[in-house]
Amino acid sequence: MKVLVPVKRVLDYNLKVRVKPDQSGVDLSNLKMSMNPFCEIAVEEAVRLKEKGAATEIVAVSIGPDQAQETIRTALAMGADRGILVKADAEMEPLAVAKILEAVVAEEAPGLVILGKQAIDDDSNQTGQMLAALLDWPQATFASQITLDGGKATVVREVDGGLQTVAVELPAVVTTDLRLNEPRYASLPNIMKAKKKPIDLKTPADYGVDAAPRLQVVKVTEPPKRQGGAKVKTVDELVDKLKNEAGVL
Amino acid sequence: MALDAQTRAEFIAAVRRFVEERLRPLEAQVADEDAVPEEVVADMKALGLYGLSIPEEYGGLGLSMEDECLVAMELGRCSPAFRSCFGTNVGIGSQGLVMFGTPEQKAHYLPGIASGEIVTSFALTEPEAGSDSGSVRTQAIWNGEHYVLKGSKRYITNANKASLFTVMARTNPDVKGGGGVSAFLVPRSSPGLSVGKPEKKMGQQGAHICDVHFDDVRVGPELRLGAEGEGFKVAMQVLDRGRLHIASVCVGVAQRLIEEIIAYAGARKQFGQPLANFQMVQAQMADCKTEAYAARCMALDAARRRDAGDNVVLECSASKLYASEMVGRVADRAVQIFGGAGYVADYGIERFYRDVRIFRIYEGASEIQRLIIAREMMKQGV
């Protein structure tokens, strides 16, 4: 079974984000970019499925600028077999990404698409769901455990207040949550081998997809600065403040 | 083979991440327990660190000297004890084989060395022969069928973990000095070979050195490395290459200490302001950075020249001399800037201060490097 893993190039998770002075977005100039951590988890899961013999080929696809090839190389170094870069310099919205992925799926015919539940840059949490809808495939989101058995995937989902186990027929779309696995370090020999693995170059036009934005970003602002706490001298004073100032009692 | 820019960047990023996420959190534990945990050793093998300098056709990475130096600088940014686990496989324990081994010797041993299945050791130093390495007393006398090794080696890094030793022994007792010495590959399992207890050391707990004894150890002629009498040449060329690796590790440790200094001097307040505001602290900080930068440039320049095929004996010695002395000064200033906290074990600064002291001694003491530099100056006339 072929597994398709879409991966996104985002600002490295270790870096502190700066908002542009004109509030039009986040300043990415000269900052380190890495693979979205949820995508890393998706690649790791696909590699584990291949190691268990449940998957035969892993195709990593990224939609973004030329440098997104580096992100694909990271996936190849972790164990993906080949890559597809759909070159797009403009910001891509989840619907455009989902439409391109729909076309990639039509061409590649994977038995499973595993992707991160969301990217840490825009936190949209939409691509996987939109892709499933466009394909009319079953979806299992926020996976913390995936078991493949015959033509079926049993997925444990992380939901508010607990875990939900669902079974979906394959082919299906699965999105990964944080606790699904701990991604491996790409080994140095595998980084070298990844150089020799093929990456196909495509454009949205090759798939006949109109990637024009549908949304308008009105403004981007930093979260409010955290206010300092206050100390109280007595329990009575605390109860008083909780009642009269915080209004929680 | 030199890496392309993107692969090199990925390499460096992978090593940096491994050092920061996997090794640094364990520094204090490794020092306390005097052991690197088995699972970390397994991770280092999986990452490919044991094969950095082993040619690709034997399963290693075959890094250029420049790339190896850049990786060593990243590895230097944590306790040197971690690097010691695979340091002999990358350097003195394997390079004699890489440079002088026959195709059969290489095919037999190098794949295992690259994967870390075989840990190697380099046995040159003896109770009576350290810096004066030509005066080796361990004998390897040909009996018509075997060389019979007899003698003792001292302070042999990784001897307790090694399954293969590169041993320098005198095959011709009539020739004094280096000319009578030959190099041998000696498996740990050879009857008559025994390894002493690890020595108690000043620093780098987790890395071990031991005596190695040869009591009539029989070694077949197929295990001789290079020609008879070439042992000293093997040893010198192996050490020559290792000097740039050690220099790079020194640069890495210095950079780590500089980062610690920046964080501490920026946060610690005295007389109402951060330490970094005081000119006397600033001067120490600036000297650390300047000297570390100089050492980095020296190591990379010498490495590039070596990759280009130049004779870099002088540059390797100058680089190792300067970097090892430099990191000693940086560690000393780090203790001074941290003050009481630098002397207390919790901050790890005093541990680095002890760890870096050996860099001025092993793989050619500072005094030997100066001898080599002066000798090369007279030879080259520049």
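Sequence lines set the chain letters: A, B, ... in the order given, protein chains first and strands last, and positions in each chain run from 1.
Between the CD atom in A:Glu70 and the OG1 atom in B:Thr7 there is a gap of 10.0 Å [rounded to 0.5 Å]. Between B:Glu20 atom CD and A:Asn14 atom CG the span is 7.5 Å, to the nearest 0.5 Å. One finds the CZ atom of B:Arg22 at 6.5 Å from the OH atom of A:Tyr185 (value rounded to the nearest 0.5 Å). Between A:Ile191 atom CD1 and B:Leu47 atom CG the span is 7.5 Å, to the nearest 0.5 Å. For the atom pair CZ (A:Arg73) and CD (B:Glu10), the distance works out to 8.0 Å, reported to the nearest 0.5 Å. To the nearest 0.5 angstrom, A:Ser187 atom OG is 11.5 Å from B:Phe18 atom CZ.
Within a 6.0 Å sphere centred on OH of B:Tyr293, other residues, nucleotides and ligands contribute 12 heavy atoms or fewer. Counted within 6.0 Å of CD on B:Gln29, heavy atoms from surrounding residues, nucleotides or ligands total more than 12; the atom is thus considered enclosed. Annotation: B:Glu21, atom CD; neighbour count of heavy atoms from other residues, nucleotides and ligands within 6.0 Å is above 12. Within a 6.0 Å sphere centred on NZ of A:Lys50, heavy atoms belonging to other residues, nucleotides or ligands number more than 12. Within 6.0 Å of CD on B:Glu38 lie no more than 12 heavy atoms contributed by other residues, nucleotides or ligands.
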Please report the C-alpha distance between B:Asp4 and A:Lys195 in whole Å, then the side-chain angles of each, then the deciding distance to 0.1 Å, and finally whether the side chain to side chain contact (heavy atoms under 4.5 Å, CB included) criterion is met. CA-CA 10 Å; B:Asp4 61 84; A:Lys195 271 196 303 188; 3.0 Å; yes
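Counting heavy atoms from C-beta on, the side chains of A:Leu188 and B:Val15 come closer than 4.5 Å.
The greatest number of non-hydrogen atom pairs below 4.5 Å with chain B, out of A:Glu40, A:Gln69, A:Lys32, is found for A:Glu40.
Residues A:Ala186 and B:Ala14 share a closest heavy-atom pair of O-CB, 4.1 Å.
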